[in-house]
Structure formats: structure tokens, C-alpha cells
Amino acid sequence: MIFSLSIIFSIFYLTVFENSFGSPKEFKLKQDIEKIQLQYSLLNKKYEHSFKTMNDLRLSDDKRYRPILGMDSLPSSLRNPAYGGVDRYRDLEGFEYSPTIIQSHQKLDILTNMARMQEESFSNVEDIRKEWARKQE
């Protein structure tokens with residue numbers, strides 16, 4: 001009888017303890033989630049810095065280099081290409097934090113396209129500069 005009561009009391013105590021404080025595994029998972037959220041927050045700050053840097057490069061391209069060489073500015077439709085028709089992030093859906101993950105992937109794709117377009121623009125500027133220098137000789 002005492003043994004049965006001690007087992008019932010132990011089960012009751014463990015149930016109340018886990019419901020009140022959570023299991024060690026839950027505690028570890030909550031810590032992991034907080035770390036991941038912090039990492040995404042830091043990643044977003046890096047994205048913001050990278051977007052600012054890309055905009056500074058774009059302004060240098062449009063306001064300094066292209067006017068000196070008599071080149072027109074690139075239209076914004078070329079500088080900010082969009083994706084169409086395909087759900088590129090379908091595999092990332094269905095998770096608790098899918099919106100955060102998808103948003104980070106979208107920012108990375110936008111930043112990658114901006115960098116690619118800026119690289120092409122600088123390449124065109126360099127080609128025109130070389131042609132201009134050759135004519136000056």
C-alpha cells in the first residue's frame with residue numbers, strides 16, 4: 001500500500017513539475033529557439049547593412065561613373081529584377097518559423113540579384129572607360 005502510494009505521489013509530482021517547469025529537453029529546445037531567433041535578428045542587421053552598401057554602390061554608379069562617361073543610368077526595372085510565376089520557397093513552408101526563414105531567403109535572393117546587376121553595370125562602365133581611354137591615346 002505504501003509502495004503504491006509512493007508511486008502515485010511520484011507520478012503526480014513529476015507531472016506537476018514537468019507541467020510547471022517543463023522537461024529538461026523542452027528547456028534545451030527553448031534555448032535553441034532563442035539562439036536561432038537571435039541569429040536571424042543578427043542576420044537581418046547584416047542584410048540591412050548589405051542593402052545600404054549596394055545602394056551606395058548604385059548611387060556611385062549612377063551619379064559618378066556613368067555621367068562622366070556619358071552613359072545613361074540603368075532603369076530601376078533592371079536594377080531590381082523580380083521573380084515571377086514560380087514558388088521558390090515552397091520547401092520552406094509548413095514550419096513554425098517559416099515566415100522568418102522565407103523572408104531571409106527572399107532578402108538573400110534580392111541582394112544576390114542586386115549584386116549581379118551592379119557587377120554587370122560596373123563591367124559595362126569599365127568597358128566604356130577602356131574604350132574612352134583608347135580613343136584619348
Side-chain angles (χ1 to χ4, degrees):
M1 179 81 164
I2 294 175
F3 180 71
S4 298
L5 283 174
S6 65
I7 292 205
I8 291 171
F9 180 72
S10 297
I11 291 172
F12 176 76
Y13 176 75
L14 284 174
T15 304
V16 169
F17 184 78
E18 277 195 20
N19 287 337
S20 297
F21 302 107
S23 69
K25 187 175 183 179
E26 285 178 6
F27 182 73
K28 172 83 169 99
L29 289 174
K30 285 180 183 178
Q31 283 183 330
D32 289 346
I33 288 172
E34 288 175 4
K35 285 179 187 175
I36 290 171
Q37 287 174 333
L38 176 64
Q39 289 173 346
Y40 271 106
S41 175
L42 294 173
L43 182 63
N44 278 327
K45 288 184 190 256
K46 287 181 181 180
Y47 280 139
E48 289 172 17
H49 178 72
S50 297
F51 279 116
K52 183 184 178 312
T53 301
M54 287 304 302
N55 282 328
D56 290 347
L57 288 172
R58 180 187 58 81
L59 286 174
S60 291
D61 188 24
D62 284 345
K63 303 292 183 197
R64 291 182 189 154
Y65 308 123
R66 286 181 171 274
I68 289 172
L69 297 170
M71 299 172 70
D72 293 331
S73 296
L74 289 178
S76 63
S77 61
L78 287 177
R79 287 212 181 263
N80 302 314
Y83 299 111
V86 179
D87 187 6
R88 302 171 60 96
Y89 312 106
R90 186 176 350 164
D91 296 340
L92 301 174
E93 293 176 354
F95 302 104
E96 185 176 351
Y97 295 100
S98 287
T100 303
I101 297 169
I102 289 171
Q103 184 182 33
S104 292
H105 279 267
Q106 288 171 336
K107 286 179 179 179
L108 180 60
D109 288 343
I110 291 168
L111 192 57
T112 301
N113 281 336
M114 288 174 72
R116 188 177 305 121
M117 282 306 304
Q118 192 59 57
E119 180 183 27
E120 288 179 27
S121 178
F122 280 148
S123 177
N124 290 340
V125 167
E126 180 63 16
D127 291 343
I128 297 296
R129 187 204 61 81
K130 286 178 182 175
E131 183 180 316
W132 181 79
R134 192 173 18 128
K135 287 180 184 178
Q136 297 299 319
E137 293 176 352

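Residues take their numbers from the sequence shown, with the count starting at 1.
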Charged N-O contact under 4.0 Å between Asp72 and Arg66: no
Common cluster, Tyr65/Trp132, ILVMFWY with side-chain heavy-atom separation under 4.5 Å: yes
Euclidean distance, Met71 CE relative to Ser121 OG, rounded to 0.5 Å: 6.5 Å
Spacing of Arg88 atom CZ and Arg90 atom CZ [to the nearest 0.5 Å]: 12.0 Å
Leu14 reachable from Leu5 in the ILVMFWY side-chain graph, under 4.5 Å edges: no
Value rounded to 0.5 Å, distance of NZ in Lys135 from NZ in Lys130: 15.5 Å
Nearest-0.5 Å distance that lies between atom CD in Gln106 and atom CG in Asp109: 8.0 Å
Backbone N/O of Phe95 and side chain of Ser98: donor-acceptor pair under 3.5 Å: yes
Backbone N/O of Lys46 and side chain of Ser50: donor-acceptor pair under 3.5 Å: yes
Approximate separation, where rounding is to 0.5 Å, of Arg64 CZ and Leu69 CG: 14.0 Å
Neighbour count >12 (heavy atoms, 6.0 Å) for atom CD, Glu126: yes
NZ/NE/NH1/NH2 to OD/OE distance under 4.0 Å, Glu48 and Lys45: no
Heavy-atom closest contact (Phe122 atom, Leu57 atom, distance): CZ-O, 3.9 Å
Inter-residue atom distance Glu131.CD - Arg134.CZ, 0.5 Å rounding: 5.5 Å
Hydrophobic cluster identity match, Ile102 and Leu108, side-chain contacts under 4.5 Å: yes
Whether Thr53 side chain and His49 backbone form a donor-acceptor pair below 3.5 Å: yes
Least distance between heavy atoms, Leu74 atom then Asp62 atom: N-OD1, 3.9 Å
Ring geometry between Tyr47 and Phe51 (parallel below 30°, tilted from 30 to 60°, perpendicular above 60°): tilted
Hphob cluster co-occupancy, Met54 + Leu43, side-chain heavy atoms under 4.5 angstrom: yes
Considering all heavy atoms, the nearest Asn44-Lys107 contact: OD1-NZ, 3.0 Å
Side-chain heavy atoms of Gln37 within contact of Thr100, under 4.5 Å: no
For Leu92 against His105, the heavy-atom pair lying closest together: CD1-CD2, 3.4 Å
